[in-house]
Amino acid sequence: MTTPDTAAPGPAFARIGSSSFAVLMAAFCSLLLISNIAATKGIAFGSIITDGGAFVFPLTYVIGDVIAEVYGLKAMRRTILVGFVMAVIASVTFYLVQISPAVDGYPNQAAFEAVLGFVPRIVLASVCGYLIGQFLNAVVLVKIKERTKEKHLWARLIGSTVVGEFGDTLVFCAIAAGVIGIVTTGDFISYVVVGFVYKCLLEVILLPVTYRVIALVKRREPSYAQALAGTAARG
């Protein structure tokens with residue numbers, strides 16, 4: 001049996017509760033809500049099929065990587081839960097506004113329903129894809145960090161994104177395709193492949209930025225340096 005004194009040191013993580021963590025969580029939830037609204041429109045660039053959420057949704061994985069890398073799986077679970085609650089509140093709010101009687105002369109009811117109206121399948125697709133993808137992303141990143149410690153950050157970032165984005169994209173597209181106008185098998189395959197490849201490529205392109213943000217947040221978190229020192233001492 002392994003004793004505490006001889007156990008292998010685990011990865012270092014900062015304690016949550018700082019202003020940096022609060023800002024990251026706020027940015028994560030904001031981008032999630034924006035992408036959910038934008039995703040109600042299917043977009044075609046020639047033969048390339050995607051949706052409006054593609055512009056900002058990949059950034060939630062970048063921020064999720066930062067949170068999981070610096071603060072750990074527990075912090076990312078909290079962030080995922082807060083994002084989930086905010087997405088549900090947004091959906092319920094839009095639904096209540098949609099069914100509320102408009103003032104006389106309001107000309108935009110149909111436009112409001114088309115863009116922000118409560119669409120059960122879109123909400124279900126967004127929530128299911130989000131929960132599965134973000135959880136996979138966080139778990140994979142933390143598991144790789146348990147093996148690599150502070151080394152090979154690129155492997156953690158890319159590996160977690162590939163797994164998380166695949167799960168997210170496949171689940172979301174499978175549920176939401178018909179709602180946003182994806183009706184043929186060819187378009188569906190294009191929708192899934194393009195979304196997955198695009199999001200992963202964007203993660204790679206943004207890798208230098210993600211590196212800098214992670215380094216900045218680690219420097220701003222005294223508890224991370226303390227955890228790192230403790231890990232080194234146990235090692």
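Note: hydrogens, waters and symmetry copies are ignored here, and every other heavy atom, side chains too, is used.
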For Tyr211 and Leu157: C-alpha separation, side-chain torsions, deciding distance, then whether side chain to side chain contact (heavy atoms under 4.5 Å, CB included) applies.
CA-CA 9 Å; Tyr211 260 73; Leu157 298 179; 4.1 Å; yes
Go through the steps to decide whether Val103 and Tyr106 satisfy the test side chain to side chain contact (heavy atoms under 4.5 Å, CB included), and finish with yes or no.
CA-CA 6 Å; Val103 298; Tyr106 178 68; 4.0 Å; yes
Identify whether [X] and [Y] are in the same connected component of the hydrophobic contact network (ILVMFWY, side-chain heavy atoms under 4.5 Å).
X      : Y     : result
Tyr95  : Ile89 : yes
Ile34  : Val85 : yes
Val82  : Val92 : yes
Leu216 : Leu24 : no
Val23  : Leu33 : no

Phe13-Tyr71 aromatic ring centre distance below 6.0 Å:
no
So [Y] and [X], do their side chains get closer than 4.5 Å, heavy atoms only?
X      : Y      : answer
Ser126 : Phe172 : yes
Phe135 : Val139 : yes
Ile43  : Phe45  : yes

Give a yes or no answer on whether the side chain of Thr60 reaches the backbone of Phe57 with a donor-acceptor pair at less than 3.5 Å.
yes
Main chain of Leu206, side chain of Thr210: is a donor-acceptor contact present, judged purely on distance under 3.5 Å?
yes
Between Glu150 and Lys145, is there a salt bridge with N-O shorter than 4.0 Å?
yes
Provide the closest heavy-atom pair for [X] versus [Y] in the form atom of the first, atom of the second, distance.
X      : Y      : answer
Val142 : Gly72  : CG2-C, 4.3 Å
Ser35  : Val56  : CB-CG2, 3.8 Å
Glu165 : Cys200 : CB-SG, 4.3 Å
Thr79  : Met25  : OG1-CE, 3.7 Å
Gly164 : Leu136 : CA-CB, 4.1 Å
Gly83  : Leu32  : O-CD2, 3.5 Å

Step by step, would you call Ile158 with Val204 a side chain to side chain contact (heavy atoms under 4.5 Å, CB included)?
CA-CA 7 Å; Ile158 296 176; Val204 174; 4.3 Å; yes
I need the [X] [atom1] to [Y] [atom2] distance, nearest 0.5 Å.
X      : Y      : atom1 : atom2 : result
Ile214 : Arg219 : CD1   : CZ    : 12.0 Å
Glu69  : Ser160 : CD    : OG    : 9.0 Å
Arg156 : Ile144 : CZ    : CD1   : 8.0 Å
Trp154 : Leu207 : CH2   : CG    : 9.5 Å
Arg78  : Leu73  : CZ    : CG    : 12.5 Å
Met86  : Ser30  : CE    : OG    : 8.5 Å

Please collect all salt bridge (Lys or Arg N to Asp or Glu O under 4.0 Å) contacts where either partner lies in residues 188-208, sequence neighbours excluded, each pair once.
none
Relative to each other, are the rings of Phe28 and Tyr130 parallel, tilted or perpendicular (30° and 60° limits)?
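Rings of Phe28 and Tyr130: tilted, as their planes differ by 30° to 60°.
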Are more than 12 heavy atoms, taken from residues, nucleotides or ligands other than Lys143, located less than 6.0 Å from that residue's NZ atom?
no
OH (Tyr198) with more than 12 external heavy atoms under 6.0 Å
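Count over threshold, so yes.
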Working for side chain to side chain contact (heavy atoms under 4.5 Å, CB included), residues Phe21 and Arg15
CA-CA 9 Å; Phe21 176 70; Arg15 292 190 295 271; over 6 Å; no
Report the C-alpha separation of Tyr61 and Asp168 in whole Å, then their side-chain angles, then the decisive distance to 0.1 Å, and conclude whether the side chain to side chain donor-acceptor pair (under 3.5 Å) test is met.
CA-CA 11 Å; Tyr61 277 81; Asp168 186 306; 3.1 Å; yes
